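Here is the structure we will look at, set down as structure tokens.
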There are 4 protein chains.
Amino acid sequence: MILKLNFENEIPIYVQLRNQIVMAIAHGDLSQGEKLPTIRNLAEDLGINNMTVNKAYAMLKQEGFISIDRRHGAKVNPILTPDFEFKEKLEDDLSLVISEAEIRGMKKDEFMKICENIFDSMKKLKPQEK
Amino acid sequence: MILKLNFENEIPIYVQLRNQIVMAIAHGDLSQGEKLPTIRNLAEDLGINNMTVNKAYAMLKQEGFISIDRRHGAKVNPILTPDFEFKEKLEDDLSLVISEAEIRGMKKDEFMKICENIFDSMKKLKPQEK
Amino acid sequence: MILKLNFENEIPIYVQLRNQIVMAIAHGDLSQGEKLPTIRNLAEDLGINNMTVNKAYAMLKQEGFISIDRRHGAKVNPILTPDFEFKEKLEDDLSLVISEAEIRGMKKDEFMKICENIFDSMKKLKPQEK
Amino acid sequence: MILKLNFENEIPIYVQLRNQIVMAIAHGDLSQGEKLPTIRNLAEDLGINNMTVNKAYAMLKQEGFISIDRRHGAKVNPILTPDFEFKEKLEDDLSLVISEAEIRGMKKDEFMKICENIFDSMKKLKPQEK
DNA sequence: GTGGTCTAGACCACA
DNA sequence: GTGGTCTAGACCACG
């Protein structure tokens with residue numbers, strides 16, 4: 001799993017880390033049930049503080065993406081089912097992103113194509129795992 | 001033009017304001033060449049600080065969405081053409097959003113349908129401008 | 001508002017603090033919309049670290065008990081409506097508490113009386129505020 | 001006797017175990033004088049460490065709920081009489097639980113009804129012991 | 001002046 | 001060895 005952090009970015013490190021892990025899960029780089037690195041290891045590897053990693057893991061746990069087991073550390077949860085709250089947030093987020101695309105002159109077709117490509121880039125590893 | 005701000009939201013007010021204006025432009029509530037309210041007026045209407053509105057306008061100007069003329073105030077720019085930088089950012093943003101959708105169990109079809117709906121909700125006013 | 005922390009207790013300080021604030025709200029010592037102390041002030045008053053107070057406030061915010069406004073600090077939210085998730089947790093909690101009472105030989109009547117007394121001790125200040 | 005442990009829960013396993021046993025006693029699944037499983041057996045059945053079970057038993061012994069006899073293992077103690085210390089702790093616990101219920105908008109009547117239901121679900125087996 | 005973030009290093013409970 | 005908590009002090013974004 002490759003995680004890239006940008007320390008000059010205004011997005012907090014723990015949020016960047018959370019985002020990278022979310023994408024790693026979706027792309028299959030981290031599969032269901034797989035163990036995440038320990039807080040200490042990851043912090044050292046990335047050259048950041050334990051508590052920063054801790055915060056990212058706590059966020060992922062709270063969102064239901066991972067579970068933290070006192071005995072064996074953190075592991076990836078199974079896929080959830082989409083709830084109403086998430087759909088609302090998703091529509092709000094997309095509304096903004098699509099507005100920007102619209103203003104910047106991007107056609108609907110091109111936008112949809114990009115979405116498809118991203119979707120298709122995910123979980124390529126899943127079938128191979130069987 | 002209706003602008004909704006949530007002072008308890010973690011998103012900075014000036015960013016919320018910027019987002020609302022971007023969406024207003026995309027939906028045609030603000031058309032090309034249309035004059036934006038003065039900083040002073042908007043700040044008063046919304047009950048926020050002048051500096052906050054100023055910051056939002058500066059952001060929009062820097063992004064090329066509006067022009068600021070000292071004599072005539074701010075006005076909406078024409079549609080841009082999508083540049084490489086924007087496409088990169090868009091792909092990054094979408095990559096995260098789609099990853100979350102994926103993990104939360106949303107199917108590609110449903111996601112695409114939502115995007116279509118949002119696209120279709122835009123620019124209803126545009127034809128009237130011709 | 002009087003907050004008592006026990007530094008020798010095994011319950012984390014931020015949880016104790018969270019609990020004390022919850023009880024203060026329920027008893028009317030903190031009324032709806034009332035401003036909480038700033039993180040720094042409270043931390044200094046209690047002789048604890050900013051981040052510990054921060055964590056307690058974040059927990060209360062996440063639970064929906066307070067809102068944090070970037071401009072004016074934290075304030076108490078209006079009463080919520082009980083959701084299913086809460087009722088489940090409540091039943092689990094009560095199941096344990098009542099089991100202990102049962103084993104320790106406490107009669108149902110006595111238990112119910114204690115509950116009533118606690119209920120009646122709350123929000124005495126509310127009507128006076130009008 | 002059915003014991004459910006959640007390894008991903010933040011509550012320590014030995015505390016969960018202790019809680020489950022307390023509830024089992026109160027519900028009559030474990031009756032007075034009944035022998036508890038040996039530490040070794042229970043640990044194996046639950047797939048946990050001997051020390052964890054040991055810790056739970058020690059806690060129960062210290063609280064007076066069970067007795068541990070080196071020759072005959074652990075057995076459930078007779079019902080106690082409520083002491084002052086317990087009542088204090090009970091009131092503190094209830095104060096917090098009821099405060100949360102209050103803030104979450106639960107009415108006193110509904111709360112009391114839940115308590116009654118839980119009380120009535122207990123000791124169904126008790127009369128058979130006579 | 002407010003909360004948000006981050007660090008470096010420490011101690012503790014758990015299993 | 002794991003995560004959880006806490007400290008003292010720092011810097012930053014926001015308004």
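Lettering follows sequence order; numbering is per chain, from 1. Computed from a prediction, not measured in an experiment: that's the story for all the values here.
Computed from coordinates, the C:N54 CG to F:dA10 P distance equals 18 Å when rounded to whole Å. Rounded to an integer number of Å, the gap from A:H72 NE2 to E:dC14 P is 17 Å. Look at CD1 on C:I39: it is 8 Å from C1' on E:dG4, rounded to the nearest Å. A straight line from NZ of A:K61 to P of F:dT2 spans 18 Å, rounded to a whole angstrom. Here F:dT7 presents its C1' atom at 11 Å from CD1 of C:I48, a figure rounded to the nearest Å. The CG-P distance, from A:N50 to E:dC11, rounds to 15 Å in whole Å. Taking atom CE on A:M51 and atom P on E:dG9, their separation rounds to 15 Å, with Å as the unit. For the pair C:Q16 CD and F:dT5 P, the computed distance is 12 Å after rounding to whole Å.
Inspection of the C:N41 and C:T38 side chains reveals an N or O donor paired with an N or O acceptor under 3.5 Å.
Contact annotation: C:T52 side-chain N/O to F:dT5 OP1/OP2 distance is not under 4.0 Å. For E:dC14, the OP1/OP2 oxygens have a side-chain nitrogen or oxygen of D:K55 closer than 4.0 Å.
Residue-level contact check: C:Y57 touches neither bases nor backbone, having no heavy atom under 4.0 Å from any strand. Residue contacts shown for B:I13 are limited to sugar-phosphate atoms, with no base heavy atom under 4.0 Å away.
Nearer to the 5' terminus of DNA chain E, by closest-nucleotide assignment, is the contact made by C:N41 (compared with the other of D:P12 and C:N41). Map B:I11 and C:I11 each onto its nearest nucleotide of DNA chain F; the residue landing nearer the 5' end is C:I11. With DNA chain F read from its 5' end, the first of the two nearest nucleotides for C:G47 and B:N49 is the one closest to C:G47.
Figure legend. F:dC14 is base-paired to E:dG1; pairs are counted as Watson-Crick or G-U wobble with both atom distances under 3.5 Å.
Taken from CG in D:D29 to CD in D:E34, the straight-line distance is 9.0 Å, to the nearest 0.5 Å. Expressed to the nearest 0.5 Å, how far CD of D:Q16 lies from CG of D:N6 amounts to 5.5 Å.
Taking 3.5 Å as the limit, the base of F:dG3 and the side chain of A:R40 contain a donor-acceptor pair of atoms between them.
Considering only side-chain atoms of A:Y14, the nucleotide from E:dC6, F:dG3, F:dT5 that sits closest is E:dC6. Minimum atom distance to the side chain of C:I68 is reached by E:dG3, of the listed E:dC6, E:dC14, E:dG3.
Closest approach of B:I103 to A:I79, counting heavy atoms only: O-CG2, 3.3 Å.
Ion pairing between a basic and an acidic side chain is recognised when a charged N comes within 4.0 Å of a carboxylate O; B:D83 and B:K87 show no such pairing.
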